[in-house]
Amino acid sequence: RKEVEQDPGPFNVPEGATVAFNCTYSNSASQSFFWYRQDCRKEPKLLMSVYSSGNEDGRFTAQLNRASQYISLLIRDSKLSDSATYLCVVNPSLPRGGADGLTFGKGTHLIIQP
Amino acid sequence: DTEVTQTPKHLVMGMTNKKSLKCEQHMGHRAMYWYKQKAKKPPELMFVYSYEKLSINESVPSRFSPECPNSSLLNLHLHALQPEDSALYLCASSQIVHNQPQHFGDGTRLSIL
């Protein structure tokens with residue numbers, strides 16, 4: 001199972017600042033890309049899917065660069081509630097007639113400071 | 001609130017016990033998954049069920065036995081576990097369609113004495 005690499009942090013950021021995370025993936029055949037957030041002792045929750053055209057959801061913007069095998073997440077006007085671990089996630093492929101598990105990066109720990 | 005329900009939330013068992021973890025979803029998803037997550041590590045895939053059939057087993061020891069009784073239910077039977085098996089066990093489900101994300105339950109926190 002190929003890897004997903006991301007900076008573990010922690011990123012200590014003042015409230016209201018803009019913060020950017022990046023990750024790289026090694027399997028060029030990967031099909032689907034996501035950012036999940038995980039709070040301490042909770043399950044991962046989908047933050048957003050990532051598309052080559054880029055996508056935005058409120059304060060969050062995600063971008064995929066297939067040529068460089070690189071995924072990014074930008075958080076604008078950060079809030080205290082954004083403090084969490086952000087997991088870069090890749091679905092390697094979609095086998096014919098079936099599904100495949102997700103490959104997770106180790107996560108980037110974000111701390112928003114008041 | 002999660003749409004994937006896991007029970008129990010917490011489980012403490014001895015190494016000789018037999019127990020089962022349960023997962024249920026009513027979103028019509030035809031793929032279901034088991035992941036294991038250790039502290040400060042990302043989730044690791046254990047099993048994938050597609051259309052109620054086991055399609056992927058990530059070389060998981062036989063002391064973990066998955067079962068998919070129907071399209072809404074997924075079980076994980078546990079027997080003779082080791083202390084290193086203590087972890088958060090996460091169930092997820094998804095549609096079997098390109099680009100569809102997986103939705104996770106809130107997990108069962110398992111401790112092996």
Side-chain angles (χ1 to χ4, degrees), chain A residues 1-10 23 25 27 29-53 55 57 62 64 66 71 84-109, chain B residues 1-6 9-10 23 25 27 29-60 66 68 71 74 87-109:
Chain A
R1 195 161 283 272
K2 299 294 181 68
E3 290 190 353
V4 177
E5 301 283 344
Q6 59 181 131
D7 184 343
C23 87
Y25 60 96
N27 185 351
S30 298
Q31 297 290 324
S32 309
F33 309 89
F34 310 96
W35 284 101
Y36 280 73
R37 72 169 275 169
Q38 187 169 25
D39 294 285
C40 187
R41 300 180 69 81
K42 299 285 190 180
E43 78 277 17
K45 292 189 177 180
L46 178 69
L47 181 64
M48 58 199 306
S49 301
V50 189
Y51 306 112
S52 297
S53 55
N55 49 306
D57 182 2
L64 167 66
R66 282 189 183 270
I71 304 163
T85 296
Y86 289 82
L87 298 161
C88 180
V89 183
V90 173
N91 191 332
S93 63
L94 199 63
R96 185 177 303 168
D100 200 354
L102 299 174
T103 299
F104 288 81
K106 288 183 164 56
T108 297
H109 188 41
Chain B
D1 288 338
T2 180
E3 296 179 71
V4 178
T5 304
Q6 290 188 242
K9 297 283 187 275
H10 302 274
C23 175
Q25 58 87 15
M27 294 180 281
H29 291 169
R30 301 304 299 276
M32 296 187 77
Y33 313 81
W34 281 114
Y35 290 84
K36 172 183 177 180
Q37 187 175 24
K38 302 282 278 184
K40 300 189 187 303
K41 299 284 188 183
E44 293 181 349
L45 182 68
M46 300 175 72
F47 302 104
V48 179
Y49 273 83
S50 302
Y51 303 106
E52 297 86 68
K53 294 196 186 316
L54 182 64
S55 56
I56 296 177
N57 176 342
E58 289 286 308
S59 303
V60 179
C68 190
S71 60
L74 185 67
L88 179 67
Y89 287 84
L90 293 159
C91 174
S93 71
S94 74
Q95 297 179 28
I96 303 180
V97 176
H98 184 53
N99 278 342
Q100 290 302 302
Q102 294 179 18
H103 300 269
F104 286 83
D106 51 11
T108 294
R109 196 161 295 279

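Naming convention: chains lettered A, B, ... in sequence-line order (proteins, then strands); numbering from 1 in each chain. What you see is a predicted model, and the numbers here were worked out from it, not measured in a lab. Both backbone and side-chain heavy atoms feed into the values below; hydrogens, waters and symmetry mates do not.
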Sorted by chain and residue number, the side-chain hydrogen bond (donor to acceptor under 3.5 Å, both in side chains) partners of E52(B) (sequence neighbours excluded) come out as R30(B)
Taken to the nearest 0.5 Å, the spacing of D106(B) CG from R41(A) CZ works out to 12.5 Å
Greatest number of non-hydrogen atom pairs under 4.5 angstrom with chain A, of A31(B), A92(B), P43(B), falls to P43(B)
Applying side-chain hydrogen bond (donor to acceptor under 3.5 Å, both in side chains) to S49(A) and not counting sequence neighbours gives none
Hey, is NZ on K53(B) packed in by over 12 heavy atoms from elsewhere, all under 6.0 Å? no
**Asked** Would a 4.5 Å heavy-atom cut-off, applied to side chains only, mark F34(A) and Q102(B) as touching?
**Response** no
Under a 4.5 Å heavy-atom criterion, the part of residues 34-42 of chain B in contact with chain A comprises Y35(B), Q37(B), P42(B)
Between P101(B) and Y36(A), the two heavy atoms sitting closest are CB-OH, 3.8 Å
Taken in chain and number order and not counting sequence neighbours, the residues that satisfy side-chain hydrogen bond (donor to acceptor under 3.5 Å, both in side chains) with E44(B) are none
Rounded to the nearest 0.5 angstrom, the CG-OG distance for L46(A) and S94(B) is 11.5 Å
Closest non-hydrogen contact found for P44(A) with L90(B) is CD-CD1, 3.8 Å
In short, L45(B) meets D100(A) closest at the heavy-atom pair CD2-OD1, 4.5 Å
